[in-house]
Amino acid sequence: MIYIHKEKNEIFSEHTTQVKDSEMNIFSRYAEQKTVFRDKNVLQSSFIPEKIEHRDAEIDQLVAILAPILKGYASSNIFIYGPCGTGKTISTKYVVNHLNNAVIDIGLSNLRTIYINAKMKKVADTEYRLFAQLLREFGCSIPDSGLPTNAIYRRFFEEIDKQNQNIIIIIDEIDTLFKKIGDDFLYNLTRMNNELEKSRVSIIGITNDLSFRESLDQRVKSSLSEEEILFKPYNALQLRDILTNRAESGFIDGSVDGLILNKCAAIAAQEHGDARRALDLLRVSGEIAERLNSEKIGELHVDMAKEKIELDRVTETVRNQPAHSKLVLVSIIRLSEVKKQPKSWSDSRILTGDVFELYKDICAKNNISPLTQRRISDLIGELDMLGIITANVISKGRYGRTREIHITLESRVKENVLRMLKEKYSI
DNA sequence: AGTCCACAGGAAGGGCAGGCGA
DNA sequence: TCGCCTGCCCTTCCTGTGGACT
C-alpha cells in the first residue's frame, strides 16, 4: 500500500521506515552540494534571451516582412534556411513574441501564432498529423487516426475562417515533412488565403537543408519563397559573444572564465558554427564540474562534456531504434572489428551483402525471423541518416553496385553501444 | 562495344492496429 | 459490429546503374 502525506508531499509504504532525520536522506549530499549555476535555464538552447547576438540583419528583415500584420494585412510567406544552430528558430520566435506584444499594445487581438516542429515523431510527421496538430492548437479534439485526410483539411479551413484572424504558422524542419509526403501540403497551405473569407494565414517555413528549396515544385517554390532569409553559421568570435552573454546570467561569478568560453566556442565553430552545440557543451561542462564538487569549470570538464554529449546522443538514438535496426548496427560493428586486420584491401570494406549475411546469422542465433535484403538496405540508409554510420554507393565494376559502409563512432561509444545491445541479444 | 554483377531504390500492395460513424 | 479510414512496417517485383571484365 502506498500513502501520500498531503502536507509534506511524501510518498511512503506502510512497510518502510519514514525518513525523519535529514542526514539520512539519500539526497542530502546533493542538496548541500555547491553549485556553479545561477540560472541553468539561460543555458538551454531553447531559451529566448532579451537580445539575440549577431542576428540583427536577419531579425530586421523578418520584422520588415511581418510588419504589415500590424495594419491588419497578411504578411508574405517566408522561407528561412541555414545550417543547424544558426539561430533560425530562436530568432523567429523572438520576432513573433515581439509582434504579439506590439499587436496587444495597439489594441488588436486577432493575431494567432502556431509553432509546429515537423521532425517531432508521431506529432506532425505526416499530412494527417500536421493538420490534426494544427487543429489541436485551435482547441479541437482530433483522433490520432481514423478520419479521412480531406475531412481534416475541411475542418481546418472552417476552424481558421471562423473568426477574423491573422494567423502565422511556423513549420520548423519543414524539409522532413516534404521528404516524407511531398509538397502538396505546402501548396495547399500557401494558397489558403485564396479560399479564406475572414482570416489571413502566413507561413514561415524553417529548414536546415539548403538544397530543399530546389527540390520543390515551381508553384510551391514561388508561393512559399515570397521572401527568403539565409542564416549563416556563427564564427568562433560570435559564438564566444553568445556564450559570454549567457554565462553572465547562467553561472555564478567566477565559476567560468574566458578560457573555457573560448574552448567551447572553438569546438562548436569547428562543427559548422553551431550555437546550440556550444551552449550544450558549456551547460554539460557545468553539470560535470558541479557533480565533481568543483567550484569552477576546468578544461577537463569541457573534454568530459564533449565525450558525454556524443555518448548520450548515440546511446539514446540506438536505444530508440527498432530491433532489426539494432541487429543491423551490431552486424556493422562486428564486421568493422573483423575487418580491422584485412588480408587484402577489398577485405577491409564493409558492404551491404556482408552486413545482410551476418545479420541473418545473428537473427538465427536469437530466434528472430530476418527481414528481406530490400528492407535491410533501407535500414542501412536510416542509420546513415542518423549519423551513426556513413554508407556511400560505390560500383565494383562487374562485381556489382553496393554500398560501402563506415562506422563513424569512437571506440568508447562503440563499446558502450555493444554492451547495451548484449544485454538484450545474443551477439 | 557488349556483358555481367550485386546491389540501389522506386512502386505497388498486403497486413496490422487503432479510431470513427452509422 | 462493421465498413472505412489512417499510419506504419514490410515484402515482392521491377528497372536502373557504374565500371570491371571479355
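Not measured: the values here are computed from a predicted model. Chain naming here is simple, since letters A, B, ... match the order of the sequence lines and numbering starts at 1 in each.
- Protein atom CG of Leu379(A) is 10 Å distant from nucleotide atom P of dC9(C), rounded to whole Å.
- Here Lys51(A) pairs with Asp56(A) in a salt bridge; the nearest charged N to carboxylate O distance falls below 4.0 Å.
- Between Ile394(A) atom CD1 and dG16(C) atom P the separation is 22 Å, expressed in whole Å.
- What separates CD of Glu382(A) from P of dC8(C) is a distance of 12 Å, to the nearest Å.
- Per the geometry, NE2 belonging to His324(A) stands 8 Å off P belonging to dT11(C), to the nearest Å.
- Distance Arg375(A) CZ to dG9(B) C1': 13 Å, rounded to the nearest Å.
- Closest approach to the Ser395(A) side chain among dG19(C), dG9(B), dC10(C) is made by dG19(C) (side chain taken as heavy atoms from C-beta onward).
- Atom pair Phe131(A):CZ and dG7(C):P shows a separation of 12 Å (rounding to whole Å applied).
- With salt bridges taken as basic N to acidic carboxylate O contacts below 4.0 Å, one links Glu287(A) and Arg283(A).
- The main-chain N or O of Gly72(A) is found under 3.5 Å from a side-chain atom of Arg200(A) such that the two form a donor-acceptor pair.
- In summary, Lys360(A) and Glu357(A) engage in a salt bridge, as defined by a charged side-chain N under 4.0 Å from a carboxylate O.
- Here Lys306(A) does not pair with Asp303(A) in a salt bridge; the nearest charged N to carboxylate O distance is not below 4.0 Å.
- Side chains of Asp172(A) and Ile116(A) form no contact here, defined as non-hydrogen atoms less than 4.5 Å apart.
- The interatomic distance linking Asn392(A) (CG) with dG18(C) (P) rounds to 15 Å, in whole Å.
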> Reading nucleotides 3-8 of chain B 5' to 3', which nucleotides get B (base under 4.0 Å from a protein heavy atom), which S (sugar-phosphate only), which -?
Replying inline: -BBBBS
